[in-house]
Amino acid sequence: MELVHEPGAFRAACDAARKAGRRVGLVPTMGALHAGHLALVDAAAEAGADFRVVTIFVNPLQFGEGEDLDRYPRTLEADLEACRTRGVDLVFAPAPGAMYPPGFQTHVQVGELTERLEGEHRPGHFQGVTTVVTKLFLLTGPSVAVFGRKDYQQWRIVERMARDLDIPVEVLGHPIVREADGLALSSRNRYLSEDERERALGLARGLHAAAQAWAAGTREAETLVEVARGPIEERVDRIDYVAVVDPETLLPGAGVLQRGLVVVAAHVGATRLIDNHELGVDTPPPVEL
Ligand code: PAF
């Protein structure tokens, strides 16, 4: 496995792989890798990538004021070991100054899809994401890129951006990977104390409850939101949103639904967590009672 830190060297390594006839698969990450990220690496291989690239970059552009940029876990050595074990071919781990040198002033902004949910609660976040992902797409030239569906809105936005800008990459969204008790894997789970981790299970329990209601035939958007909200508000400190939205447009569902994505964002202690479940499509989060 090769490790590069400079964008020029990274581009050259990806160019060489493509010239050698390899199909390049990209997994962009912010590091602190867990089994969810490694599942994305496997998914890239399943999608036919025989040159798998992982980028590790805690992107300052996508963190707002007062967010966790400074305390975001940085575990490069362990990340590299995990990548090596998983058969990754190339890791790109740039310094912020290499991605955003002095004078940098260009940003990529997707429209309506970025305005609600996370966009409402984290102003500027998606612009930071789409800017860095565009740079990574242009440096890598991947045939396929894999994103985790825990950041469901991010996945849909990147998919939209690639389509709108004619970026020739297949953007895949990989299902959420969960702990045995239902907690969605996230690098931010490291922030949780034992008590907070227990309370964080409220998110999966709310989604589980909505999944059960859906399986029992409930199709009313408002009822599904209420069902999901119950177990969440019992445990978390603050809810940013619990909503049922259309899985493609992310617009709020109303009345009787044909399909729906339950999305939640909530704070447990100083940690903000997100989770989601596509009703009737995803495997319901397991719940240990
Ligand atoms: O999902 C993430 O970890 C980040 O938002 C991404 C896609 C790597 C861009 O910084």
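Atoms within a ligand are numbered from 1 in the order they appear, just like the ligands themselves.
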Q) Who are the side chain to side chain contact (heavy atoms under 4.5 Å, CB included) partners of Thr131, not counting sequence neighbours? A) Leu61, Phe104, His107, Val108, Gln127

Q) Does anything in residues 25-49 pair up under side chain to side chain donor-acceptor pair (under 3.5 Å), and if so which pairs, sequence neighbours excluded? A) Asp42-Arg86

Q.
Quick test of your reading of the model: are Asp240 and Arg272 salt-bridged, counting only N-O distances below 4.0 Å?
A. yes

Q) What residues, two or more places apart in sequence or in another chain, satisfy side chain to side chain donor-acceptor pair (under 3.5 Å) together with Arg18? A) Asp15

Q: Write down the atom of Gln62, the atom of Val132, and the distance for their closest heavy-atom approach.
A: OE1-CG1, 4.2 Å

Q: May I ask you to check whether His121 and Tyr241 place their ring centres under 6.0 Å from each other?
A: yes

Inventory of protein N or O atoms under 3.5 Å from ligand 1 N or O:
unit_1, atom_1, unit_2, atom_2, d
ligand 1, 1 (O), Gln154, NE2, 2.8
ligand 1, 5 (O), Gln62, NE2, 2.9
ligand 1, 5 (O), Gln154, OE1, 2.6
ligand 1, 10 (O), Gln62, OE1, 2.6

